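The structure under discussion appears below in the form of structure tokens.
Being a predicted model, the structure only gives us computed values, none of them experimental. Numbers for residues simply follow the sequence, beginning at 1. Read the numbers this way: they start at 1 and go in the same order the structure lists the ligands and their atoms.
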Amino acid sequence: MIENYTSTRNHNIHLSDKEAIKTGFSEDGGLFVYPDLSELKIDLKSLVNASYKDIAKVVLSKLLPNFSQTEIAESVKKAYENSFDTTKITPLVDVDDFHVLELFHGPTSAFKDIGLQMLPQLMKHVLSEDDKVMILTATSGDTGKAALEGFKNLEKMGIIVFYPHNGVSKVQALQMQTTNGYNTEIAAIKGNFDDAQSNVKKILNDQKLKSELGPQISLSSANSINIGRLIPQVVYYFASYIQLVQSGQIVLGDLVNFTVPTGNFGDVLAGFYAKQMGLPVNKFIVASNENNVLTKFFQTGIYNRNIPFLQTYAPSMDIQISSNFERLLYYKSNHDTDYVKKLMTDLDKTGEYQVSDEVLKRIQADFYCGFSTDQEISNSIKSVYQEDNYLMDPHTAVGYKVMRDYQKLGDKTPMILLSTASPYKFSRVVADAVLDKVPDDDLEIMNKLAQVTQIPIPTNLAQVWNLPILHTDVIAKDQMENYVKSKVEDNFYDKN
Ligand SMILES: *Cc1c(COP(=O)(O)O)cnc(C)c1O
């Protein structure tokens, strides 16, 4: 096998794409990265008539060379053939003078489906005969359900999802609690998303637990720290560009900008991968909500998470540690893994780090960053609906506001705004912005919104209200490891 991946914190580590997917992240605490992305240039001309699935095959083959063509073709087929409500998978919609890339046409109506329909299919080809893997996932709302849908009822795999108790929307909670499947486990934890995420990382890194479980049972992650989830996201950057070429709105080689509502920095990092692989991108506009650690970083070079954690209208982006930002630091420090390790140790110990002016400048060359308040989210949803008859979810609205701020600086490059969720996933905030009178009940809100806007409710969200609740566990955040142990036992140990 070609050992084409390394760790952001230790360049002496070399491992294959398959090993990287199986383990999720590196024992030294770092994330797996492909060092020289520019070696993987994609010939855009060859994609001009390609479908989404064809583009997926090309991108995946480049980044995952240890997978056979058959394995890639089978994974792409299984991931995207029947689970999305459009064959375009990620359709591009023209709104006013920009283009919305709708990433929410999968089985759970959030962009997470794109990575999480694919990751389990890749995982299948990574496990050997006797291997079993328990997937651990921390979720701020959308990842959980998308991961459950991707992994449920797959042989040799189990999935445990941890979400912040009272930290997700009503419909997000219902989506998870009603999940069927013999291998799905869900616990609400008394803590926020960062607690869930850092504890999952700790458990995945626990060498004692690892030896207790033995060589046949491994733990892995479905968070965007797993490259098997990140890589499928590179595809829609190419696919949206090709859609603009196909509709004659740009010609091959023209530059475009992407605005990306950002939390863990996975989505926008996938865009950066696409750019390294030859996609003509001018700027990535990174949009945060009021948890604006990244915006301050872009202004000062100081990443400081020692600020109050806020619950906003865009809860899937309520994050203070953007895990995937570590990968960008790796690339922008010219693969200086000692440097990245030092920064991450600083972050761990003091809650902050500062990068050199040089590194900050290199980051600013590709990225612009801003944020949106809750009030601005509401205003954006309302004005785009009234003026352009397009209904955005609150996360997309965060992107919209920062996109407009950026455009005021004078850049006229064609703009693609990534839309990361169906407006019906966050009906209450959307209804408050566009309806005169908002019902109390969540289901009624959804129905009223559909009645007024005439935009159909995605089937999975319409049905979730009638399904039985199958999962009710609520645990303390220091009980997560014990929970994992008992669920591994339930799922993988023979019971006599
Ligand atoms: C996860 C998520 C985001 C943030 O994406 P990252 O890859 O974590 O930056 C934005 N919007 C929605 C709706 C999401 O679910």
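Checking each of Ile445, Asn447, Leu435 against Ser427 for a side-chain contact (heavy atoms from CB on, under 4.5 Å) leaves exactly one that passes, namely Ile445.
Looking at heavy atoms from C-beta onward, Phe111 lies in side-chain contact with Gln233 at the 4.5 angstrom threshold.
Partners of Lys62 according to the side-chain contact (heavy atoms from CB on, under 4.5 Å) rule, which considers only residues two or more places apart in sequence or in another chain, are Leu40, Ile42, Met277.
A salt bridge is absent between Arg428 and Asp432: the closest approach of a Lys/Arg side-chain nitrogen to an acidic carboxylate oxygen does not fall below 4.0 angstrom. Between Asp28 and Lys341 there is no salt bridge, since no side-chain N of the basic residue sits under 4.0 Å from a carboxylate O of the acidic one.
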Practice item. Apply salt bridge (charged side-chain N to carboxylate O under 4.0 Å, His left out) to Asp411 and Lys283, showing your working. Key: CA-CA 10 Å; Asp411 184 354; Lys283 280 267 181 187; over 6 Å; no
Check ligand 1 for N or O atoms under 3.5 Å from a protein N or O and list each pair with its distance.
unit_1, atom_1, unit_2, atom_2, d
ligand 1, 7 (O), Gly266, N, 3.2
ligand 1, 7 (O), Asp267, N, 2.8
ligand 1, 8 (O), Asn264, N, 2.7
ligand 1, 9 (O), Gly263, N, 2.8
ligand 1, 9 (O), Asn264, N, 3.2
ligand 1, 9 (O), Phe265, N, 3.0
ligand 1, 11 (N), Thr420, OG1, 2.8
ligand 1, 15 (O), Lys112, NZ, 2.6
ligand 1, 15 (O), Asp142, OD2, 2.5

